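Here the structure comes first, spelled out in structure tokens, and everything after it is commentary.
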Number of protein chains: 2
Amino acid sequence: MCPEQAPIPKRESGDERRIAIARAARALIIEKGLEGLRTRDIAERVGINIATLHYHVPSKEALVALVAASLRDDFKAQALRHPKEGLDAGAQLRQEFNEFREIVAEMPELIGVLSELVDLSRRDPTIAEIILPMQAYWTGQFTKIFRTGIEDGSFRPNIDPAAAAIVVTAALSDCWRPHRRPSLEPVIAELERAFFLPVSNQG
Amino acid sequence: MCPEQAPIPKRESGDERRIAIARAARALIIEKGLEGLRTRDIAERVGINIATLHYHVPSKEALVALVAASLRDDFKAQALRHPKEGLDAGAQLRQEFNEFREIVAEMPELIGVLSELVDLSRRDPTIAEIILPMQAYWTGQFTKIFRTGIEDGSFRPNIDPAAAAIVVTAALSDCWRPHRRPSLEPVIAELERAFFLPVSNQG
DNA sequence: CGCTATCAATCAATCATTTGATTGAGAAAA
DNA sequence: TTTTCTCAATCAAATGATTGATTGATAGCG
């Protein structure tokens, strides 16, 4: 009302709203699971009215897809944070483990929400379309590393790269769970022992 | 009405009902997830009225606990099916893999429901109380096998038994997922290569 | 043996609340 | 002014659960 007051924009843009909505939904999925996810709770967490939520995201289904896309985007951004060019296979593997540690530290809910959405992807093709390629990408990174490591002599030569990649991603994901969190470091160490070639072990 | 008709019991006992209810709920959890689990759907699947379901199981919460207990009991029964006495560590490990194959073949939904309940156990102490000991038991079996195998020279001597057990159970659970099912055998083979000592490899 | 009382189990109808979503008016921003 | 965004109120259906009447099964008694 005061004419001297600077015109400060008060409203978030549509994109900002959707980011906030996805954030709130992710937090709530961790707290209550998919089965306890309620659109009203999300709206309240963001600080908007339920109708506003529907204005920005047309349905609950679309909201879950937004969450999936948000996970994918964060995961991608994380993956691009630490380029791997110039690193040998052993160092690359260790960098992947460090990245996982960072995810656990900075985005603790990411793996947990991912786990719920991976389950959901069995039943929902729309979610599968977003989540499975992302999971495949993560697994594929390890597959590449193992392939390289076999060639350069860092890793046990009889490794099946694709199978080993599944072993690693599954083990890491499992250690995201709170009751398994204390096991993360021993499991990472065990994975290294399992795959590095003892003769050329650089640890 | 017919006096010659044998007196055939028409009603199932309470225990039988609860078993049927747990079965139906398990199937529906796989089809629709925990988030899509509805008491009316369960009642319909069993062939009883919703009030009858509540007669036998007082609340939805109690129903999920019943499912958890049902999983635990089936898992136990499966574990007792193949005694491991007299087997060396390598054979024991292979037997565990065979048991997992049997579970996948005979009770395909068991691991999937377990996965959803493990997630839920983070949020629900009642479920945690049933599920986590069972999961710990499964992991513990592998821990014991690894310990034995290190001592008898079957396995790589620098294995951390507890960590290796987590790696194995996580990898097996991951391969339960339909899009990962084709990877089960290569992953099992990779696990064997990772843990068996090459020198005394009996494969 | 037949009848009765009792208890367990079942059901249709209903309840109270929740849930995803919509409507129409008004506010904010461009 | 027009467009975008927000809100309170509301809708229609779903949801977990309850109620009261009825049915089925069985034990006990004459």
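From a predicted model like this one, the values you see are computed outputs, not experimental measurements. Both backbone and side-chain heavy atoms feed into the values below; hydrogens, waters and symmetry mates do not.
- Among the nucleotides dG16(D), dC11(C), dC7(D), the one closest to the side chain of H54(B) is dG16(D).
- Residue T52(A) places its side chain closer to dC7(D) than to any other of dC7(D), dA9(D), dA12(C).
- Remark: the backbone N or O of P108(B) is paired with a side-chain donor or acceptor of W176(B) at under 3.5 angstrom.
- Secondary structure note: stems in DNA chain D built from 3 or more consecutive Watson-Crick or G-U wobble pairs under 3.5 Å occupy C:1-30 with D:1-30.
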Between R38(A) and E44(A), does the salt bridge (Lys or Arg N to Asp or Glu O under 4.0 Å) criterion hold? Intermediate values first, please. CA-CA 10 Å; R38(A) 299 288 177 262; E44(A) 191 182 325; over 6 Å; no
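- Legend: side chain to side chain donor-acceptor pair (under 3.5 Å) pairs involving residues 55-70 of chain A, not counting sequence neighbours, sorted by first then second residue: R26(A)-S70(A).
- Between the C1' atom of dC7(D) and the CZ atom of R17(A) lies a distance of 12 Å, rounded to the nearest Å.
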How far apart are the C-alpha atoms of Q78(B) and M107(B), what are their side-chain angles, what is the distance that settles it, and do they pass the side chain to side chain contact (heavy atoms under 4.5 Å, CB included) test? CA-CA 10 Å; Q78(B) 178 72 14; M107(B) 291 184 280; 4.0 Å; yes
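- For E99(B) and R94(B), the salt-bridge test fails: no basic side-chain N is under 4.0 Å from an acidic carboxylate O.
- Distance, I50(A) CD1 to dA9(D) P: 15 Å, rounded to whole Å.
- Contacts classified as side chain to side chain donor-acceptor pair (under 3.5 Å) and involving residues 113-133 of chain A (residues at least two apart or in different chains) are given here: E116(A)-R123(B), D119(A)-R177(B), R123(A)-E35(B), R123(A)-E116(B).
- Legend: residues meeting salt bridge (Lys or Arg N to Asp or Glu O under 4.0 Å) with K76(A), ordered by chain and number and at least two apart, are absent.
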Would D152(B) and S154(B) count as a side-chain hydrogen bond (donor to acceptor under 3.5 Å, both in side chains) here? Give the steps. CA-CA 6 Å; D152(B) 73 20; S154(B) 311; 2.4 Å; yes
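- Along DNA chain C, the nucleotide nearest to D15(B) and the one nearest to A51(B) differ in position, and the one closer to the 5' end is contacted by D15(B).
- Contacts between residues 55-62 of chain A and DNA chain C, defined by a heavy-atom separation below 4.0 Å, involve S59(A), K60(A), listed by number.
- When each of R101(B), E96(B), E102(B) is paired with N98(B), the side-chain hydrogen bond (donor to acceptor under 3.5 Å, both in side chains) condition holds for R101(B) and for no other.
- Taking atom CG of L53(B) as the reference point, atom P of dA12(C) lies 14 Å away to the nearest angstrom.
- Between F97(B) and F142(B), the two ring planes are tilted [angle within 30° to 60°].
- Residues from residues 26-49 of chain B lying near DNA chain D, meaning a heavy-atom separation below 4.0 Å, are L37(B), R38(B), T39(B), R40(B) in numerical order.
- Of the possible donor and acceptor atoms, none in the side chain of Q141(B) sits under 3.5 Å from a partner among the backbone N and O of W138(B).
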